[in-house]
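Encoded as structure tokens, the structure appears first; notes follow it.
Start at 1 and go down the list; that is how both ligands and their atoms are numbered. Sequential numbering from 1 along the given sequence is applied to the chain's residues.
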Amino acid sequence: MRARTLVPTLEAFLESEEAAPSSEPPDWVHVLTGLARAGTRIARVVARTGLTGTLPRTGDRNVHGEAATRIDKYAHNAIVEEVADAEMLCSIISEEAEDLMPLPSGHPDGGCILAVDPLDGSSNLGVNVPVGTIFSLLPHSPSDDATGAGLTLSDILRPGRDQIAAGYILYGAATTLVYTSGRGVHGFIRDPESGEFLLNRRDIRVPSPSARHYSTNEAYTRRWDPRQHELVRHFKKPPPGGAKGFSARYIGSLVADIHRTLLVGGLFMYPAFRGKPEGKLRLMYEAAPMALIMEQAGGRATNGTEDILDIRPRDIHQRTPLFAGTRELVDLAASFLGHGERRRA
Ligand code: AHM
Ligand code: MG
């Protein structure tokens, strides 16, 4: 009989890998396990969207004027409920809330902010395309009182390099949680039978050589900057000496596009263009957590002129262009866009 290999659950892994020997796991672990519980609830609702009528537009707009669905709101509430007890948190930034959300009064100020996109790409759900939750945990600068109520915007607008932990939950064929706390990137798949997130990939690295994929919404070509045109023209040129050329991949759902890029490599791009001078994606809860994941996996992420992790936000919902993926390909993009040595791949 074959011996059964014991695959660690998320909790067991966090306890054994993230705690110093014979000490308690760090406090952020409670936020991550709360997010995993919320992810389990969200996955269940996502899987039933076609049956439960959670999908149709409510006619509501979210704080950014975008169409919101009831499931976006459900995901937001599930996350707030599941992390509310985490003592290290004091406030939440959510794509679904206009302002910084303080936790209920009486909650101690644990010095940290959770920035989250509760359900990114939910407009894809009607056609059964994977969607995801993206999260980032940041310390805030000391405020002048113990409840955190004295927090000002400048206390919380910290660059992505300060993140304590970041990651995403992908609701696809399998519900997958990927996180980093700055010590590698680890992936877990939720076993629908036991309900546990089980370790699936330890220390994920963006492969090198990687897939020669470029990933962008080419419908915006006519509004692109000439340098962006030049970059994509470069990907379409026949490679010298019979080498394998580039191929295109674009799902239009950030978590799914980044997950593919993380596992097989390539270059994901959501550039700025005419009409969207800062692109579409949000810095604090979309680009920065994905950038930490990419850097920790040996890849890179830039806005074209600056590494995403070095950008100090001016606003909690600030947008940024994003170029992320295999380091050589992000270097190449930066060289075309004016940030780095011009190289050829
Ligand atoms: P959302 O936050 O409103 O759900 O939109 C974000 C999504 C991302 O998942 C994806 O990368 C992007 O929008 C796709 O945008 P576009 O349709 O412009 O290519
Ligand atoms: Mg989003």
Side-chain angles (χ1 to χ4, degrees), residues 35 39 42 45-46 49 54-58 60-76 79 92-98 114-136 166-172 176 178 213-224 228 232 248-262 266-291 293-294 301 303 308 313 315-325:
L35 287 164
I42 297 166
V45 177
V46 161
T49 38
T54 35
L55 187 61
R57 302 271 185 228
T58 56
D60 286 350
R61 304 258 142 201
N62 70 11
V63 294
H64 314 293
E66 299 152 349
T69 58
R70 273 184 276 164
I71 196 166
D72 291 304
K73 203 71 199 153
Y74 174 86
H76 167 90
I79 289 168
I92 296 178
I93 294 170
S94 165
E95 181 167 318
E96 296 301 314
E98 185 157 10
L114 175 67
V116 67
D117 184 349
L119 199 59
D120 182 74
S122 58
S123 60
N124 289 300
L125 274 175
V127 288
N128 211 359
V129 164
V131 294
T133 295
I134 312 168
F135 57 88
S136 160
Y168 57 80
I169 304 172
L170 175 63
Y171 310 105
T176 303
V178 173
H213 290 164
Y214 75 89
S215 177
T216 196
N217 187 337
E218 286 201 76
Y220 303 130
T221 306
R222 67 188 187 291
R223 290 151 70 186
W224 280 353
Q228 180 69 29
V232 172
R249 296 282 186 283
Y250 188 70
I251 300 169
S253 185
L254 181 66
V255 182
D257 276 314
I258 290 288
H259 191 62
R260 180 200 59 246
T261 306
L262 178 71
L267 175 65
F268 172 84
M269 300 179 273
Y270 203 112
F273 50 82
R274 206 169 357 101
K276 280 199 197 303
E278 295 197 289
K280 176 180 185 186
L281 302 174
R282 311 289 172 165
L283 175 58
M284 291 192 76
Y285 45 79
E286 293 180 326
M290 295 313 197
I293 291 277
M294 282 297 168
N303 66 1
I308 294 287
D315 178 84
I316 59 176
H317 296 298
Q318 181 177 331
R319 298 175 196 267
T320 177
L322 175 64
F323 299 81

Would you say the side-chain atoms of Asp257 pair up with the backbone N or O of Gly252, donor to acceptor, closer than 3.5 Å? yes
Decide whether an N or O pair under 3.5 Å exists between Phe268 and ligand 1. no
If you stand at the Mg ion (ligand 2) and look out to OE1 of Glu95 and OD1 of Asp120, what angle do those two lines make, to 10°? 170°
Which ligand 1 atoms, with their elements, are less than 4.0 angstrom from a heavy-atom of Asn217? 16 (P), 17 (O), 18 (O), 19 (O)
Would you call the rings of Tyr250 and Phe268 parallel, tilted or perpendicular, taking 30° and 60° as the class edges? parallel
Looking at Leu267, is its backbone amide N or carbonyl O close enough to the side chain of Ser215 to form a donor-acceptor pair, meaning the two atoms are under 3.5 Å apart? no
Give the atom numbers and elements of ligand 1 that come within less than 4.0 Å of a heavy atom of Tyr250. 14 (C), 15 (O), 16 (P), 19 (O)
Determine yes or no for a side-chain-to-main-chain donor-acceptor pair under 3.5 angstrom, with Thr216 supplying the side chain and Met269 the backbone. yes
Here the vertex angle at the Mg ion (ligand 2) for OD2 of Asp117 and OE2 of Glu286, given to 10°, is 80°
Indicate yes or no for a side-chain donor-acceptor contact from Asp120 to the backbone of Asp117 under 3.5 Å, with no hydrogens or angles considered. no
Flag yes if more than 12 heavy atoms outside Asp315 fall under 6.0 Å of its CG atom; otherwise flag no. yes
Could you tell me whether ligand 1 has any atom less than 4.0 Å away from a heavy atom of Asp120? yes
For ligand 1, which atoms, with element, lie under 4.0 Å from some heavy atom of Glu286? 2 (O)
For Tyr285 and Ser94, which I'm curious about, is there any donor-acceptor pair between the side chains at under 3.5 Å? no
Is Arg282 touching ligand 1 with its side chain, its backbone, both, or neither, if touching means heavy atoms under 4.0 Å apart? neither
Leu254, portion touching ligand 1 at heavy-atom distance under 4.0 Å: both
For ligand 1, which is the ligand I care about here, please tell me if Ser253 has any N or O atom under 3.5 Å from one of the ligand's N or O atoms. no
Test item: Thr261 side-chain N/O and Gly325 main-chain N/O as donor-acceptor pair under 3.5 Å: no
Run the numbers for me: atoms of ligand 1, each under 4.0 Å from some heavy atom of Gly252, listed by number. 9 (O), 10 (C), 14 (C)
